[in-house]
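Below is one structure, written out as structure tokens; comments come after it.
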Amino acid sequence: MPGQSVGVVKAQRAHFDQPLNLRSGGILPAYDLVYETYGTLNAAKSNAILVCHALSGHHHVAGHYADDPENLGWWDNIIGPGRPLDTDRFFIVGLNNLGGCHGSTGPSSPNPATGKLWGADFPMVAVVDWVHAQARLADRLGIDSWAAVMGGSLGGMQALRWSVTYPERVRNAIVIAAAPKLSAQNIAFNDVARQAILTDPDFHGGHYYEHNTRPSRGLRLARMLGHITYLSDDQMGEKFGRDLRNDSFSYGFGVEFEVESYLRYQGDKFASHFDANTYLLMTKALDYFDPAREDNGNLTATMARSQASFLIASFTTDWRFTPARSKEMVAALLASGRNVSYAEINLNFGHDSFLMADAHYHAVVDAFLRNIKL
Amino acid sequence: MTHTLGRPDFELIAGWIEPGHRVLDLGCGDGSLLRHLIDARGVHGVGVEIDDANILAAIRNGINVIQGNLERGLDEFADQAFDHVVLSRTLQTVRHTEGILREMLRIGREAVVSFPNFAYHKNLRAVLDGRMPVSEDLPYQWYDSPNVRFFTLLDFEDLCSKMGLIIRERHVLDEAGNIVAGQNKREISFLGSLAVYRLTQNR
């Protein structure tokens, strides 16, 4: 992989006192956002790229911490000197969204009104709320307009939202492995994941912190289910096939097939550090996402409000947000006369392909970003 | 089909396109034609390409390019969204010939089509000598050619007539890119290596 990692990074925290009115009708009186930046903001403040995270992501996008060198950012492979998001040229901002569980204000933060943790009382947040909060962070950093807003999956949806909510503040948008709204099947998967959490006896209506417990079993199931939808059938076949941990069947319900072992491990790992209330909120934000709803479902009218040039990318084996879903956005952008390029990338990793360091995929992002005038 | 810079049909095509027009280039290669039209005529251009390397090259060229397969239709493009839809040196690689011509005139007011003329005298000579033709405009060996349809400009004009397409202009070029003049269609077909058409249809 060409280029280098950004190296040692530090998380920062910004506090906002101005209340944020949320799409759900709720109000956040004050909130914190944790974020990281890589590279240097130029004098004209024209070289900033916002990287938005997906369902379980956070502000630690690239590099590692001085005291935790193993903890690489979740999209480290695309960011750094000589990489597509070239920190010699761009100033990159990544943050943890509201409702998150990595330091920004969310259900596991204290509710100033009660002194207890928010838990289930944390208001429902929508993608557009994240965008408004991100805009305030941009104000704080002195960034009037982003050279690009970028993300994969739910992160791509934020880039799309940015482009129509603050059209004058987004010069380019990179929307990867995303969709203009969820399908019934997408929502169905999310609801099964939520039901796993909501029906866990340790959930306690979302106030499990007060009971000093966590709905780990539900969260683990939710993640196992989600994880299946991130991978392709081919890839699972290649990686695990029907391989057994031991050579013969044991005719029991323990771990027998390698794929079971893998999924249980992924579920356990996730459930040990992620907050179930955040998982619920993030999946609802996904389900509600539908910017064209404001235009009676006319996505072309919605996209016509944007002023950005778009790079849309999808992956051939992504069955969660298929290439056809990306092409819906492409069609709307074409019909509204926007600048748009679309790459359908042949990668075998399903939805998770967007995180892979594939040479062609990264070259496409690199080529698009190199043409951005700062 | 990969465009190469300075191809003679580029200038002809550019001459048919007004500044500010919306141009769709099907099989746009690395985007050279659109780059030329954007720089020379100030058009709003979009290309369609199937090949990964060309997609990358076109993005590097600063072209709006959509990855897709012409054979699978062009549903992402709305009716009459473009002034010109260009299919340069690609028609002979498309299996659904009538389908693509109809799509072009659904999406665009005018279709611009160029293709190698199989009846060019050097091609005929090659066949008479017992060989499939290889030339400037048919630069492939029979076993690695992307071309699936072999036809002449007279064949093409018959198809246009059958489909009710109106030929607004036709230019025929020799291998050096010079415009061929002839007494009649048969003579022009004999002398021309590449045919470039400007088509429309009654609405």
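Here is the naming used below: chain letters follow the sequence lines, and residue numbers restart at 1 for every chain.
Contacts of A:Val330 with chain B are made by side-chain atoms alone, with heavy-atom separations under 4.5 Å and no backbone atom involved. Heavy-atom distances place the side chain of A:Leu311, and not its backbone, under 4.5 Å from chain B. When heavy atoms are compared at a cutoff of 4.5 Å, B:Ile55 approaches chain A solely by way of its side chain, counted from C-beta outward.
A donor-acceptor pair shorter than 3.5 Å cannot be found between the side chains of A:Ser232 and A:Asp234.
When each of B:Asn61, B:Ile59, B:Val46 is scored by its heavy-atom pairs under 4.5 Å with chain A, the top score falls to B:Ile59.
Heavy-atom contacts from other residues, nucleotides or ligands closer than 6.0 Å to NZ of A:Lys181 number 12 or fewer.
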Audit row: A:Ser145, A:Tyr166, side-chain contact (heavy atoms from CB on, under 4.5 Å) steps and yes/no = CA-CA 9 Å; A:Ser145 95; A:Tyr166 292 104; over 6 Å; no

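Applying ring pair (Phe, Tyr, Trp, His ring centres under 6.0 Å) to A:Phe315 and the options A:Tyr361, A:Phe354, A:Phe349 leaves one that passes, A:Tyr361.
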